[in-house]
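Since the structure comes first, as structure tokens, the remarks are kept for the end.
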Number of protein chains: 2
Amino acid sequence: MEPAVWRHPKSIATVSLSGTLPEKLEAAAAAGFDGVEIFENDLLNFDGSPADVRRIAADLGLAIPLYQPFRDFEAMPAEFRARNMARAERKFDVMEELGAPMVLVCSNVQGIAIDDPARAADDLRAMAEAAAKRGLLVGFEALAWARHTRRWRQAWEIVRQADHPALGLILDSFHTLSLGDTLEGIAAVPAEKLFFVQLADAPRMSMDVLSWSRHHRNFPGQGDLAVTGFARAAIDAGYRGPLSLEIFNDEFRAAPARLTALDGLRSLIWLESEAGGPALPAAPDFGGVDFLEFAVDYVAGRELGERLRSLGFARAGRHRSKAVDLYRQGGVNIILNAEQDSAAAEHFQLHGPSVCALGLKVDDAQRAIARARALLCKEWRERIGPDERSIPAVRAPDGMLFYLIDEQDSGRSIYESDFLLDHCSTGCAGTGAGLTAIDHIAQALPPHRLDSFVLFYRTVFGLQAEALHEIADPYGLVKSRAMVSPGQNIRIPLNVSESSRTATGRFVTAYAGSGIHHIAFRTSDLSGTLTQIEPAEAAMLHVPDNYYDDVGARLGLDDALLERLRRQQLLYDRDAGGEFLHAYTEPFHDRFFFELVQRDGYLGFGAANASLRMAAQALASRSRPARPA
Amino acid sequence: MEPAVWRHPKSIATVSLSGTLPEKLEAAAAAGFDGVEIFENDLLNFDGSPADVRRIAADLGLAIPLYQPFRDFEAMPAEFRARNMARAERKFDVMEELGAPMVLVCSNVQGIAIDDPARAADDLRAMAEAAAKRGLLVGFEALAWARHTRRWRQAWEIVRQADHPALGLILDSFHTLSLGDTLEGIAAVPAEKLFFVQLADAPRMSMDVLSWSRHHRNFPGQGDLAVTGFARAAIDAGYRGPLSLEIFNDEFRAAPARLTALDGLRSLIWLESEAGGPALPAAPDFGGVDFLEFAVDYVAGRELGERLRSLGFARAGRHRSKAVDLYRQGGVNIILNAEQDSAAAEHFQLHGPSVCALGLKVDDAQRAIARARALLCKEWRERIGPDERSIPAVRAPDGMLFYLIDEQDSGRSIYESDFLLDHCSTGCAGTGAGLTAIDHIAQALPPHRLDSFVLFYRTVFGLQAEALHEIADPYGLVKSRAMVSPGQNIRIPLNVSESSRTATGRFVTAYAGSGIHHIAFRTSDLSGTLTQIEPAEAAMLHVPDNYYDDVGARLGLDDALLERLRRQQLLYDRDAGGEFLHAYTEPFHDRFFFELVQRDGYLGFGAANASLRMAAQALASRSRPARPA
């Protein structure tokens with residue numbers, strides 16, 4: 001008996017991955033795919049026979065459910081018919097050798113193709129008949145930019161009319177959703193005629209559908225299309241075949257194939273669950289950021305400790321068994337980890353002083369970990385001493401750790417269990433500068449990694465992707481997309497830049513990859529906070545005077561407010577939610593900087609002033625002597 | 001008295017260049033611009049007063065003809081009017097301090113803007129009146145995506161209706177041409193009301209006009225818009241003010257500002273001449289490639305000499321005074337230059353064995369050089385010995401030399417004057433493999449340099465840019481755009497790749513920049529040529545067998561032809577012009593490779609088989625042991 005909820009085989013088209021054909025097969029197998037669609041050009045460029053490909057795939061435990069594409073077959077003028085059938089027979093030879101049972105025929109794009117579904121049905125019936133003689137199948141798919149057959153329902157009409165058991169329909173989410181075509185009726189297609197389902201997402205873009213499809217597809221969960229509803233319609237139709245990814249993406253073509261394949265399988269597992277397949281443990285309900293952990297050595301730890309003190313933090317304790325210090329202020333916990341035998345030490349070795357872990361409060365840490373595991377994340381358990389708490393952690397795609405801390409846990413906090421708290425730990429916090437929480441943290445990524453991190457945060461943690469902002473750094477454009485939890489208490493803007501000369505680009509270069517480069521602390525009274533700190537010690541960023549002339553004129557601010565902003569070097573913005581006051585520090589070792597924010601209902605992240613910040617930081621980072629990491 | 005042909009001042013908006021405001025000003029001045037438009041955000045981010053900017057510009061000899069933009073002013077609901085006028089007054093303060101006589105007001109994009117030209121005219125008249133009191137001017141420009149005023153004629157109607165001497169029209173080629181708007185009527189706008197002209201080109205793209213404008217503008221001559229006709233219309237109207245570039249381009253934001261500024265001024269000089277301004281010497285009429293010069297040392301020279309011999313070349317002579325060898329076959333001359341005190345030696349030091357110069361046959365070398373000089377190119381004269389010929393050369397943007405050789409020159413050829421020709425030099429060529437000419441040479445470029453080289457070839461040499469091709473390398477996409485002379489005898493495909501792992505990307509990385517990486521020799525009988533050479537010695541590239549199965553099925557080739565292709569490892573393509581047979585070699589030191597082509601009327605460059613070549617070369621380059629350069 002079949003299980004109540006069917007687990008579909010997971011497949012990926014070789015065109016989705018970078019490399020030679022054997023490298024593509026290896027990457028798909030390593031990620032855990034069940035099968036691959038062989039994209040014709042990958043076979044052509046492979047210096048070996050189709051039987052060799054079959055052997056390699058079998059060795060790797062991969063099925064080959066589909067060979068694709070076969071183009072411009074149906075409804076051609078009569079003189080092309082015989083040649084097209086001969087062409088099909090030669091491809092059937094290849095498929096037999098390859099062990100691929102099905103060929104994907106995509107609808108004709110030729111200008112001379114005839115607009116006659118009956119004729120198309122005749123041609124496809126003939127092809128199916130020839131395929132059936134060899135035990136092969138033909139799947140017909142509507143291309144969104146075909147000459148006549150652009151919508152799935154037209155393709156289905158042709159398949160229905162041809163009425164041959166070896167001919168069925170192939171659905172592709174991109175071709176359907178890019179045209180805004182209806183999903184209605186898909187669930188009514190007989191399951192045995194639904195031969196194959198290809199899935200792809202894409203960001204919404206206003207460009208011609210062919211260019212959009214060829215360059216900008218991405219994995220389900222990375223884009224803006226309603227891929228979940230599409231997959232659900234196919235599943236509702238009773239489809240039991242592979243869920244397969246066919247992604248044409250310029251960046252995927254160049255990226256390491258194993259990383260791409262892992263993201264692909266993660267996206268399919270998530271999608272299947274969202275579309276009514278085997279359920280995943282629910283995404284965590286977040287309670288905010290509990291702590292931020294920096295990897296440091298002795299020297300950087302001292303220096304960063306000083307910087308934190310200058311912002312009103314106090315050293316609140318020392319770890320019971322490790323070279324780890326705790327700094328606190330209001331609800332903010334910052335851990336400086338200089339322990340040699342630790343994940344932090346590895347992180348420091350690769351990246352210098354930098355954020356190596358975040359502690360997130362969740363409703364159920366075990367459930368959160370189980371979800372992450374099901375979505376192919378690596379788990380991490382730090383070595384602990386006696387009586388110390390073991391906190392489960394998830395490794396992000398760049399190796400950063402997300403510790404998941406049970407909010408409901410009624411026992412002692414990790415700070416009480418693991419740290420020797422200083423006598424003044426509660427009192428000292430009261431003498432701080434009024435910082436109360438971590439408002440948001442921004443992560444810089446190499447440009448081609450943005451989609452990968454969007455997928456991680458969206459699927460594993462259930463964060464939502466906000467609209468992309470573009471910010472002009474003096475040395476290039478920076479794109480920023482915030483991932484935000486439904487309760488708004490986890491906010492992670494992701495920043496990328498094609499230029500290595502921008503603030504983001506310099507960080508990615510210096511840091512050797514992605515990382516947290518921007519940490520914003522919240523205060524309810526930024527003016528008050530700034531009177532508590534010494535701007536020079538805290539390395540507060542200088543704001544050019546021209547800014548105040550402009551913001552005053554632009555937003556019509558009254559003279560008193562403008563004078564206060566100018567005197568305290570505050571930046572100002574407002575949106576539908578309310579007002580926003582903020583101030584930045586200079587970067588610490590060109591790696592990260594702090595921001596102090598007062599958010600009076602404001603919803604954004606101060607993007608209006610980010611360009612100014614980048615210009616000022618570019619100057620600040622240039623005028624300071626370079627320091628070794 | 002004015003000169004008959006007016007030379008317009010040349011200006012550039014600071015947003016077009018990378019860097020801080022002082023860096024932008026410096027780059028504009030270094031290129032030779034007369035003035036800069038100050039883009040507001042550049043001033044805001046500058047940590048100094050507007051008077052400081054005025055001083056720096058004056059020191060650099062730059063005028064500031066325009067301050068821009070002032071947004072969302074006209075036709076707002078009544079309650080915004082007073083605030084908008086206050087905002088204008090504050091900007092006038094800035095302009096006075098800056099010494100900018102004119103502000104650019106772009107048409108309102110706000111949803112609440114009122115659709116009433118009379119109201120817009122009232123508002124702009126009031127603004128012009130306030131400006132006039134300070135001796136300032138207001139220019140009004142239609143934004144292509146504004147709420148109501150999108151076309152230049154609407155903006156002109158409003159200016160005409162406002163009828164104030166301090167108010168005039170600003171034209172921007174992008175806003176007009178992107179909408180396909182008519183130029184008719186521009187020449188009839190009174191010259192004194194045409195306050196300013198901004199020029200930008202762009203590649204044709206099917207996307208929303210706002211994104212297109214913000215990210216993909218480029219310099220006149222780099223894109224597909226009819227900027228020349230636009231400039232001509234403005235000049236015909238009697239406009240004598242600056243021709244100014246306003247370019248929003250993601251790559252320009254990140255590129256070195258001096259390079260961008262030089263390209264910008266080159267584009268304006270060319271455009272002004274094309275649009276009826278001061279004429280440039282005519283572009284050369286090419287007679288084909290005369291020679292190809294490789295920079296080598298003794299070791300690489302020996303090795304490359306062997307490779308050339310394996311392709312049927314013979315050493316035909318030695319330079320009279322330098323360590324330079326001449327190889328010849330048919331009409332192909334190849335120079336291997338190992339001379340220490342030469343441009344080739346500098347080239348070798350930077351790039352290893354590689355093409356350092358091309359000799360091009362032209363109708364008039366002195367005229368060609370004069371044109372190049374007028375378009376800001378550097379000239380080069382190589383040190384010569386007694387009785388040797390001095391050939392003038394132009395340095396390309398990457399330093400490569402283009403020698404220009406007078407075809408009409410009735411004297412001795414450079415080979416006769418400069419080389420001691422071997423006794424067999426004529427006879428030996430007869431024993432070659434039938435190569436008769438250089439068919440085309442392809443150049444690999446870093447991706448952000450493509451526009452720069454398109455501009456160089458288009459303006460200096462008068463080559464035409466063909467359509468962009470995209471080719472899938474196993475490790476990423478390669479884009480290729482051929483520059484072709486009107487007579488088709490100079491063909492230079494330009495290749496770029498965002499991925500550093502593709503054939504093009506590997507070349508750019510290894511070569512430290514751009515360079516010739518692909519040299520195609522022509523033969524009238526490729527089969528015959530291949531029987532004359534030893535495939536292993538010539539390092540001919542192996543073609544996977546699957547290719548022949550596919551090309552046979554795809555193009556319906558007969559079995560005899562297919563068998564011949566397979567046996568001789570030939571590639572095949574055809575187009576409207578005719579058939580094409582070709583074969584590649586493996587790369588020489590991962591730097592360049594040769595191609596042998598038989599072009600029977602065929603018009604293209606074998607792009608259909610380029611993906612296969614890239615896959616095979618990726619494997620070949622991996623399986624050979626790395627050799628030092």
Side-chain angles (χ1 to χ4, degrees), chain A residues 15 18-21 23 40-50 83 86-88 90-91 93-94 205-208 211 214-215 250-251 253-255 470 472-477 497-502 505 542-547 549-550 552-554 556 611-612 614-616 618-619, chain B residues 15 18-21 23 40-50 83 86-88 90-91 93-94 205-208 211 214-215 250-251 253-255 470 472-477 497-502 505 542-547 549-550 552-554 556 611-612 614-616 618-619:
Chain A
V15 73
S18 178
T20 62
L21 185 54
E23 288 172 336
E40 183 168 74
N41 278 67
D42 285 317
L43 180 65
L44 300 191
N45 295 347
F46 172 65
D47 193 13
S49 69
R83 202 177 103 196
R87 186 159 64 96
R90 295 169 89 161
K91 292 300 168 187
D93 297 342
V94 172
M205 301 176 94
S206 64
M207 59 165 60
D208 67 288
S211 305
R214 289 275 166 86
H215 300 287
D250 292 357
E251 290 177 351
R253 286 181 187 275
E470 286 166 346
D473 182 286
Y475 299 103
L477 220 57
S497 178
E498 297 288 342
S499 164
S500 61
R501 301 169 67 212
T502 59
H542 172 67
V543 178
D545 210 47
N546 298 321
Y547 169 76
D549 292 337
D550 178 69
R554 184 161 45 88
S611 177
L612 183 92
M614 290 171 184
L619 285 180
Chain B
V15 73
S18 179
T20 61
L21 186 54
E23 289 170 337
E40 182 168 73
N41 278 68
D42 285 316
L43 179 66
L44 301 190
N45 295 347
F46 172 65
D47 193 13
S49 69
R83 203 178 102 196
R87 185 158 66 93
R90 293 168 89 163
K91 293 299 170 188
D93 296 342
V94 171
M205 302 177 93
S206 67
M207 59 165 58
D208 68 286
S211 305
R214 288 275 167 87
H215 299 289
D250 292 359
E251 291 177 349
R253 286 181 186 276
E470 285 166 348
D473 182 287
Y475 300 103
L477 221 57
S497 178
E498 297 287 341
S499 164
S500 61
R501 301 170 67 213
T502 59
H542 173 67
V543 179
D545 210 47
N546 298 320
Y547 169 75
D549 293 338
D550 178 69
R554 184 159 45 86
S611 177
L612 183 92
M614 290 173 186
L619 286 180

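All values below come from the heavy atoms of this structure, side chains included, with hydrogens, waters and symmetry mates left out. Given the structure is predicted, the values throughout are model-derived calculations rather than measurements.
Listed options B:Ala615, B:Ser206, B:Gly556 were ranked by heavy-atom pairs under 4.5 angstrom with chain A; first place goes to B:Ser206. Among B:Met614, B:Glu498, B:His215, the residue with the largest count of heavy-atom pairs under 4.5 Å with chain A is B:His215. Listed options B:Gly19, B:Ala86, B:Ala88, B:Ser499 were ranked by heavy-atom pairs under 4.5 angstrom with chain A; first place goes to B:Gly19. The greatest number of non-hydrogen atom pairs below 4.5 Å with chain B, out of A:Asp550, A:Asp208, A:Asp250, is found for A:Asp550.
When the salt bridge (Lys or Arg N to Asp or Glu O under 4.0 Å) test is applied to B:Glu40, the partners found at least two apart in sequence or on another chain are B:Lys91. Applying the salt bridge (Lys or Arg N to Asp or Glu O under 4.0 Å) criterion to A:Asp545, with sequence neighbours excluded, gives A:Arg566.
Interface remark: B:Ala255 contributes backbone atoms only to the contact with chain A (heavy atom separation under 4.5 Å). Proximity to chain B (any heavy atom under 4.5 Å) is shown, for A:Glu251, by neither the backbone nor the side chain. Neither the backbone nor the side chain of B:Arg214 comes within contact range of chain A; no heavy atoms are under 4.5 Å apart.
Side-chain N or O atoms of B:Arg83 include one that pairs as donor or acceptor with a backbone N or O of A:Arg554 at under 3.5 Å. One N or O on the side chain of A:Ser497 and one on the backbone of A:Leu477 form a donor-acceptor pair closer than 3.5 Å. Checked by atom type and distance alone, the side chain of A:Asn546 pairs as donor or acceptor with a backbone atom of B:Gly48 at under 3.5 Å.
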Note to self: Run the side-chain contact (heavy atoms from CB on, under 4.5 Å) test on A:Leu612 and A:Val543 for me, step by step, so that the C-alpha distance in whole Å, both residues' side-chain angles and the decisive distance to 0.1 Å come before the verdict.
What the structure shows: CA-CA 8 Å; A:Leu612 183 92; A:Val543 178; 3.9 Å; yes
